[in-house]
*Asks:* 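Before I ask anything, let me first share the structure, which is written out below as structure tokens.
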Amino acid sequence: MDNSKNMEPGIRNTTVQDSPNKEQKKKESRPVISAKAQTILDFLRGCSPYEADSIRVMVGYGTGNGDTATIEATDMLAVNRFLNHGLTKENGTSGEAMMKHRQERAQKLMGAVKDFVDIGQLCRVSVALMKISSDFKVVEDARQHLQSQPVANVNRN
């Protein structure tokens with residue numbers, strides 16, 4: 001039997017094809033990241049809040065030239081946020097407590113930076129962190145803006 005005679009007029013005998021705008025569904029898996037990217041990701045995941053930015057700023061300062069006055073305001077803010085992180089109105093009301101906290105955090109930051117600079121650059125970073133962590137104006141400003149400690153789950157009846 002001839003199929004061409006059984007067709008309606010105007011319909012050609014063609015093979016069925018997918019619509020050109022229908023995308024083929026491919027199983028796309030996330031590409032495996034490089035070892036370098038994985039190392040960076042692991043490092044960043046291990047950082048505390050503001051730590052990665054502070055390391056970036058201090059490594060840049062240690063490998064550059066200039067003094068602390070040449071550090072951009074946004075970068076200085078990142079370092080100060082790192083130094084103040086963990087202080088609350090309840091535990092940082094005295095200038096002495098705040099200075100102690102900031103200097104402990106500065107030591108932690110130096111420990112992280114030492115892996116990225118040579119000894120001369122580390123000395124430069126050390127001096128800068130001493131200046132930054134003990135800046136009276138910054139310490140007083142930070143004390144005025146301390147947040148209250150978040151309240152733990154309180155038994156509500």
Side-chain angles (χ1 to χ4, degrees), residues 18-157:
D18 284 337
S19 168
N21 54 350
K22 182 180 177 184
E23 294 181 26
Q24 291 181 357
K25 292 185 179 179
K26 292 182 183 178
K27 183 178 178 183
E28 292 186 33
S29 62
R30 182 176 173 209
V32 177
I33 61 175
S34 70
K36 180 181 178 182
Q38 185 63 50
T39 301
I40 293 168
L41 188 58
D42 291 343
F43 169 78
L44 291 172
R45 285 182 176 151
C47 287
S48 64
Y50 313 112
E51 186 174 10
D53 270 342
S54 297
I55 292 169
R56 175 189 55 78
V57 170
M58 296 317 298
V59 168
Y61 176 79
T63 58
N65 33 356
D67 60 13
T68 55
T70 63
I71 298 175
E72 291 185 31
T74 54
D75 288 342
M76 190 64 81
L77 180 62
V79 173
N80 278 302
R81 281 185 173 163
F82 174 79
L83 296 176
N84 295 336
H85 181 70
L87 284 171
T88 62
K89 284 185 180 180
E90 291 76 16
N91 69 3
T93 54
S94 76
E96 202 172 294
M98 188 159 205
M99 274 303 211
K100 181 179 185 243
H101 178 83
R102 285 174 60 86
Q103 290 183 355
E104 287 170 354
R105 300 281 292 170
Q107 288 174 351
K108 181 180 179 187
L109 183 55
M110 276 190 38
V113 169
K114 75 176 171 38
D115 296 332
F116 303 101
V117 295
D118 64 31
I119 191 70
Q121 294 165 336
L122 186 59
C123 289
R124 195 173 144 69
V125 168
S126 175
V127 169
L129 279 173
M130 282 191 290
K131 288 179 182 178
I132 294 168
S133 68
S134 61
D135 184 331
F136 182 76
K137 182 179 180 277
V138 172
V139 170
E140 281 304 309
D141 186 48
R143 265 187 42 203
Q144 300 301 319
H145 295 94
L146 286 177
Q147 301 292 318
S148 291
Q149 188 171 11
V151 178
N153 289 338
V154 177
N155 188 10
R156 295 180 185 175
N157 290 326

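In this text the structure is predicted, and so the values were computed from the model without any measurement.
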*Asks:* Measuring from atom CG of Leu77 to atom CG of Asn84, what distance do you get when rounded to the nearest 0.5 angstrom?
*Replies:* 9.5 Å
*Asks:* Using every non-hydrogen atom in the two residues, find where Met58 and Ala128 come nearest and quote the distance to one decimal.
*Replies:* CE-CB, 3.8 Å
*Asks:* How long is the span from the CG atom in Leu122 to the CG atom in Asp115, to the nearest 0.5 Å?
*Replies:* 10.0 Å
*Asks:* Could you walk me through whether Asp75 and Arg56 pass the side-chain contact (heavy atoms from CB on, under 4.5 Å) check?
*Replies:* CA-CA 9 Å; Asp75 288 342; Arg56 175 189 55 78; 3.1 Å; yes
*Asks:* Shortest non-hydrogen contact from Val139 to Arg102?
*Replies:* CG2-NE, 3.5 Å
*Asks:* Would you give the length of the straight line joining atom CG of Leu129 to atom CE of Met110, rounded to the nearest 0.5 angstrom?
*Replies:* 7.0 Å
*Asks:* Would you say the side chain of Ile132 lies within less than 4.5 Å of the side chain of Val138, judging by non-hydrogen atoms?
*Replies:* no
*Asks:* Keeping the roles fixed (side chain from Arg124, backbone from Tyr61), state whether a donor-acceptor pair exists under 3.5 Å.
*Replies:* yes
*Asks:* Kindly give the heavy-atom pair with the smallest separation between Val125 and Gly62, and that separation in Å.
*Replies:* CG2-CA, 3.7 Å
*Asks:* For Ala78, enumerate each residue passing the side chain to side chain contact (heavy atoms under 4.5 Å, CB included) test, keeping only those at least two apart in sequence or located in another chain.
*Replies:* Asp53
*Asks:* Is a side-chain donor or acceptor of Arg105 paired with a backbone partner of Phe82 at a separation under 3.5 angstrom?
*Replies:* yes
*Asks:* Distance from Ser134 atom OG to Met98 atom CE, nearest 0.5 Å?
*Replies:* 13.0 Å
*Asks:* To the nearest 0.5 Å, what is the distance between CG on Leu83 and CZ on Arg81?
*Replies:* 12.5 Å
*Asks:* If every non-hydrogen atom of Met99 is compared with every non-hydrogen atom of Ser133, which pair is closest and at what distance?
*Replies:* SD-O, 3.5 Å
*Asks:* To the nearest 0.5 Å, tell me how far Tyr50 OH sits from Asn80 CG.
*Replies:* 12.0 Å
*Asks:* Please determine if Glu104 and Lys108 form a salt bridge, counting it only when a charged side-chain N lies under 4.0 Å from a carboxylate O.
*Replies:* no
*Asks:* Looking at Ser48 and Glu51, would you say the former's side chain and the latter's main chain have a donor-acceptor pair under 3.5 Å?
*Replies:* no
